[in-house]
2 protein chains.
Amino acid sequence: MSTITSIRQMAADRDDLVEDTGSSIYERLRDDIIHGRVKANERLKVAELASRMGTSTNPVREALQQLRGEGFVIMTPNRGARVRPIDEEFVRDICEIEVLIEPALTRWFVGIATQADIDELERLQAEIEALNFGDEMKHSNLDLQFHRLMYDRHYNRHAVDLWVRHRHILWAISRGFPTSLSRQSNVLDEHRELIACIKAQDAEGAARAIGRHVEGSGRHIIERMRLGRHAV
Amino acid sequence: MSTITSIRQMAADRDDLVEDTGSSIYERLRDDIIHGRVKANERLKVAELASRMGTSTNPVREALQQLRGEGFVIMTPNRGARVRPIDEEFVRDICEIEVLIEPALTRWFVGIATQADIDELERLQAEIEALNFGDEMKHSNLDLQFHRLMYDRHYNRHAVDLWVRHRHILWAISRGFPTSLSRQSNVLDEHRELIACIKAQDAEGAARAIGRHVEGSGRHIIERMRLGRHAV
DNA sequence: AACTTTCAGATCGTACATTCTTTGTCAATA
DNA sequence: TATTGACAAAGAATGTACGATCTGAAAGTT
């Protein structure tokens, strides 16, 4: 037993110098694409990436295939992979889809919400307001919990998965961007209105509120992208 | 060398009875999953698949990664891939998403449609009616052209890609299933109503029509799945 | 009975071979 | 002389083979 753990430890130590923070090749590549560290439509050469990542070509190839499945790279036969541009259009497209999906998920939630759910939403909202955008990471987590509480029990797993993926992407893009004061107050307002509608069993109102929420969030991200072009 | 070719030949011969029409490994795997030829949650072993496909393991691995990106298989580290169940729920989930997306795409199309577009739609519709569901493949192609004409120029490439993917999946599932007479007439009616709304510049009406179209199509596929559970 | 050891089966990583694309050079022609 | 075409060689993607590592379960040991 001790031998096994020591071997594992050695492997971990050996990789520390290449800074392998548990992040897989897939995640590193995706992050590079989302944050624009690789230019749009740039060609991704397997051998080059492999040497950069400190591995052989196979893991890179598989990561690229996965990214292709998710639409982050575009592959043409015998001609390799190119990065799909992650620009304002991309964000707008995703947000427009979410403007369609999230209201539907929310409408359904209004029908099944219990008092306990509402209490939990208000508790999270109170925590968010108390934090007041002090810690980006914590806020993001609370916000995630807030929306997850509404969507996680939905029967349409496919739609929820889509939402999760889109949220990951948007979060990765907007990470590091500061949230404007105006957007901050809007976020709080929209959450409060959402809770009020759920309390009043007003499904349509809740749907409209979440629609505005998503749209405002998207607009804010796009504005930030236009300003600070990757303040990594 | 001759040994290798003979081995390949053997593998090819063995698979000829499963019809190897030059289709890629990815497509074959995806087809197997969509058509339920591999059971839900079944484990997919690369070596086994490789020999079945008559190739080495690497192409299979990459195909699996791509399928993972698209959500058809679920992979856990060092533990391989499992099949994501493709059942009525899956179809319902996809259709519900399309019920949200396609009306939005259609609404936009009404705003940019030219007389030439309408003429082309009517031409395609006339062809569809003339064919009258005689040739499944031809009908599918015409129907694809019909909807593609409306969606292809949309600015939201992400939404259109999603539509294309979903349509491929649904088509793969419903291939081989006969279309009931009632559904046939409904399809024609819905197309006609759609064209009428576009002519009249009635965006909302067109959106409602396409919504009913998608919903009816989904319902029909699910009914067929319930009936012919193994008409492979 | 619980824990450890062992081993087969499968995944993951590396190295190499093959095939296709692309690029650059050189000669032939207008 | 400039342009085009063929052709060779480099570059890169795809496929094959094999070794290393991990998992799961069945054996044996205390």
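Reminder, nothing fancy here: chain letters follow the sequence lines and each chain counts from 1. Note that these values count all heavy atoms, side chains included, but never hydrogens, waters or copies made by symmetry.
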Trainee: To the nearest 10°, give me the bend of the helix from C/dA1-D/dT30 to C/dA30-D/dT1, comparing the axes of its five terminal pairs at either end.
Mentor: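 Both end axes considered, the difference amounts to 10°.
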Trainee: Determine the contact category for B/Leu44: base if any of its heavy atoms lies under 4.0 Å from a base atom, sugar-phosphate if only primed atoms, P, OP1 or OP2 are that close, otherwise nothing.
Mentor: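 Answer is sugar-phosphate: B/Leu44 comes under 4.0 Å of backbone atoms only.
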Trainee: So, the side chain of B/Gln65 versus the backbone of A/Leu64: is there a donor-acceptor pair under 3.5 Å, distance only?
Mentor: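 Flag not set: sc B/Gln65 to bb A/Leu64 has no pair under 3.5 Å.
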Trainee: What residues in residues 70-79 of chain B put a non-hydrogen atom under 4.0 Å from any atom of DNA chain D?
Mentor: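 B/Asn78, B/Arg79, in order of number.
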Trainee: Under the side chain to side chain donor-acceptor pair (under 3.5 Å) rule, collect the residues that match up with A/Asp161, sequence neighbours excluded.
Mentor: B/Arg84
Trainee: Nearest whole Å is fine: how far is C/dT11 C1' from B/Glu48 CD?
Mentor: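 Spelled out: CD on B/Glu48 to C1' on C/dT11 is 14 Å.
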Trainee: Tell me what B/Leu49 touches on the nucleic acid: a base, only sugar-phosphate, or nothing, going by heavy atoms under 4.0 Å.
Mentor: nothing
Trainee: Nearest 0.5 Å please: distance from the CD atom of B/Gln115 over to the CD1 atom of B/Ile118.
Mentor: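 These two atoms lie 5.0 Å from each other.
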Trainee: A/Arg157: which residues meet the salt bridge (charged side-chain N to carboxylate O under 4.0 Å, His left out) condition with it, sequence neighbours left out?
Mentor: none
Trainee: Restricting to side chain to side chain donor-acceptor pair (under 3.5 Å), what partner residues turn up for A/Asn141, sequence neighbours left out?
Mentor: none
Trainee: Can you tell me which residue pairs pass the ring pair (Phe, Tyr, Trp, His ring centres under 6.0 Å) test with a partner in residues 43-99 of chain A, sequence neighbours excluded?
Mentor: A/Phe90-B/His158
Trainee: Please report, to 0.1 Å, the donor-acceptor pairs under 3.5 Å made by any side chain of residues 43-51 of chain A, with sequence neighbours excluded.
Mentor:
from    : atom 1 : to      : atom 2 : distance (Å)
A/Ser51 : OG     : A/Glu48 : O      : 2.9

Trainee: With the threshold set at 4.0 Å, does a side-chain nitrogen-carboxylate oxygen contact exist between B/Arg123 and B/Glu120?
Mentor: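 Looking at B/Arg123 and B/Glu120, the cut-off is met.
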Trainee: So, taking the atom named CD in A/Glu42 and the one named CZ in A/Arg37, what distance separates them when rounded to the nearest 0.5 Å?
Mentor: 13.0 Å
Trainee: So, using side chain to side chain donor-acceptor pair (under 3.5 Å) as the criterion, who are the partners of A/Arg219 when residues are at least two apart?
Mentor: A/Glu215
Trainee: Taking atom P of C/dA10 as reference, at what distance in whole Å does atom CZ of B/Arg82 sit?
Mentor: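 Answer to the nearest Å: 12 Å.
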Trainee: Check side chain to side chain donor-acceptor pair (under 3.5 Å) between B/Trp163 and all other residues, then give those that pass, not counting sequence neighbours.
Mentor: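 With neighbours one apart ignored, the set is B/Glu102.
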Trainee: Identify the pairs formed between an N or O of the protein and an N or O of nucleotides 6-9 of chain D at a distance under 3.5 Å, and give each distance.
Mentor:
none

Trainee: Side chains of A/Thr114 and A/Asp117: is there a donor and an acceptor less than 3.5 Å apart?
Mentor: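 Per modelled atom types, A/Thr114 and A/Asp117 side chains form a pair under 3.5 Å.
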Trainee: Within residues 56-67 of chain B, which residues have any heavy atom lying less than 4.0 Å from an atom of DNA chain D?
Mentor: B/Ser56, B/Asn58, B/Pro59
Trainee: For B/Glu223, enumerate each residue passing the salt bridge (charged side-chain N to carboxylate O under 4.0 Å, His left out) test, keeping only those at least two apart in sequence or located in another chain.
Mentor: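 Listed in chain order: nothing, the list is empty.
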